[in-house]
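First up is the structure itself, then whatever we jot down about it.
Worth saying up front: this structure is predicted, and the values here are computed from it rather than measured. A, B, ... follow the sequence lines: proteins, then strands. Residue 1 opens every chain.
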4 protein chains.
Amino acid sequence: VNDNRIEFRDYMAVGLVKHTARDTDVIVAALVSTMGEESAIAERSNQQNKGLINYLMRDRHGSPFEHNSMTFLVNAPIFVARQFMRHRTGWSYNEESGRYRELQPVFYMPSRSRNLVQTGKTGAYVFEPGSPDQYGVLASSFESTCTKAWRCYQRCSNRASPAKWPAWSSRSPRTPRSTPPATPAH
Amino acid sequence: VNDNRIEFRDYMAVGLVKHTARDTDVIVAALVSTMGEESAIAERSNQQNKGLINYLMRDRHGSPFEHNSMTFLVNAPIFVARQFMRHRTGWSYNEESGRYRELQPVFYMPSRSRNLVQTGKTGAYVFEPGSPDQYGVLASSFESTCTKAWRCYQRCSNRASPAKWPAWSSRSPRTPRSTPPATPAH
Amino acid sequence: VNDNRIEFRDYMAVGLVKHTARDTDVIVAALVSTMGEESAIAERSNQQNKGLINYLMRDRHGSPFEHNSMTFLVNAPIFVARQFMRHRTGWSYNEESGRYRELQPVFYMPSRSRNLVQTGKTGAYVFEPGSPDQYGVLASSFESTCTKAWRCYQRCSNRASPAKWPAWSSRSPRTPRSTPPATPAH
Amino acid sequence: VNDNRIEFRDYMAVGLVKHTARDTDVIVAALVSTMGEESAIAERSNQQNKGLINYLMRDRHGSPFEHNSMTFLVNAPIFVARQFMRHRTGWSYNEESGRYRELQPVFYMPSRSRNLVQTGKTGAYVFEPGSPDQYGVLASSFESTCTKAWRCYQRCSNRASPAKWPAWSSRSPRTPRSTPPATPAH
């Protein structure tokens, strides 16, 4: 089994793909309330626009901001993506699919600076650093478990060349790899 | 009372204010499913992109289209705007406000080509043309009623210079008119 | 024209049609977080439930409240209903329809206690009482305008027996009135 | 490590917790369109109600159905729950939390009757049965991987009594187990 590709990350990556969110977009939307179709965006100074945006935000007039949109490419662990998706209203998603592509062996590993201990009672928790020993157990456990999971995924996806199975993790014919995985081993 | 400004329209106006909705935006979103972060948009031909978009639409894979947005300026009667707003999910609105601005005397008048008669039973209606006589009654009734409503609005908004009232239809200090309304008459 | 039915109201009516919103519904939802499928609702005291609901609300844990729903019958002027509908997310609507039924001549009339004068600049308004004279002009203008609008609606809906037109205001065959309107007059 | 509790399931469980979704709820909502506040639900026969519901559904008048709600308790693998959550609009969620409770060692295992092989090209897949050998590799790989993951979770959650760590998998003080886990072993 080829484990060389396994990567552990303690970070997430967020990139801005596109947006339609200029300051003047907010101004144009806000002026509909006061000027209807006679929008006078061209006659306004940057100073006036800045003042109006600050006023809208301060007094929580949120609707002129709603016409803007931003699209991000997010690379995050599934347990983070799940929390993101819970707040679906207003968001749209496309996601890398294990049906169309062999998923990559990238796993989350907490950094050493992350608090490991949760103390206190329900609703009043405090998070505190773990000991070096605790982090060591965590890191070695994560590493061996993720490595085993990756081998399981490869074994089930590539039982024997050229057959590919099973349905939930098939490699896509569109994304051939130059280095096929070796014979699976338990 | 100044009735010269009253306008009757049998149409609505829709203008595209801005958009982020290029074909390649759909492609970029779709490729996330199959290629993750390794999007190969640059290597694709227009022909390939056209084929993929047609496939997505035909098989109702709607999510890659959701990342696009369009902003319109719509000029429509309130009874049309109300139906529009019922379908709020996914839409954001800003609307001309009678609190900030004197509303304009623009009213809807059905065109002569619009069917006037609804026949049949509930759930199985047919709409048919009205007679010239029916249209005549409709047009004169609409005109006199809208004119009266406009005068009522002006009378209540501008009882006496410089006082402005009432709360729900005050003229905005931001949009002075050069020709103030004459003394209100019943 | 039969104007006897015209009614002016300075109030709105809201009735609770049904609900699924008991305190224990919130508790059951909240316990999923802490107890999964082993919900122990039966073992909890009212005092414990009260404490948990207060904690959830105070710390803004809103999701356990979301499983509840309430259905209201609301009788309100169109300009109020429009603001209600703007906030569509999470709401569903059915509305009396002019296609299926003759609408009733019920109009809004501000009460004498309602402030009529809006003073101050945009974003910093104060609403103040109007004078008796101002209210008088308002009331008489509203009354005559609404009466005219009602006559227009009747005239266009019932041009001649038995024909009914136009499409946007036809009386429904399902809701015959025992006292048909008299011959329309301008 | 106590592995006795590990359970593999090839099914999901869905239970109805509560609902407000009687046929008459749909009728009451639909009658608002045609009768406004004069709802005549009491005068209608079951036969009439059945006919109206069938008509509404057949002609896709969906809004009278929207006032109903149902609450389910769902027990499903994370990869299923994730697809469920993608369609957030109109749904509310509470979920068992690893912060408040020790999660249970229940894992998904495909049944023998589940198709394992995906053949065909992107967008035109067919799913076919796997061989007994393929199922055997799958089952043994899943079992050993899930067992290792469970041990990792226990080891990190219960490093040493009475300390509890780390933050993302702490056992809740509210749900003490009578049989504490044995000393963790790698």
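- Both the backbone and the side chain of C:S63 come within less than 4.5 Å of a heavy atom in chain D.
- Taking C:A29, C:S69, C:G15 one by one and counting their heavy-atom pairs under 4.5 Å with chain D, the maximum is reached by C:A29.
- Contacts between C:S33 and chain D at a heavy-atom distance below 4.5 Å involve backbone atoms as well as side-chain atoms.
- In this structure, C:H61 has its ring center closer than 6.0 angstrom to the ring center of C:Y55.
- Aromatic rings of D:F79 and D:Y108 (six-membered ring for Trp) have centroids within the 6.0 Å cut-off, being under it.
- Residues C:W91 and C:F84 bring their aromatic ring centres within 6.0 Å.
- Around atom CZ of C:R112, no more than 12 heavy atoms belonging to other residues, nucleotides or ligands sit under 6.0 Å away.
- With a 4.5 Å cut-off on non-hydrogen atoms, D:T71 touches chain C through its side chain but not through its backbone.
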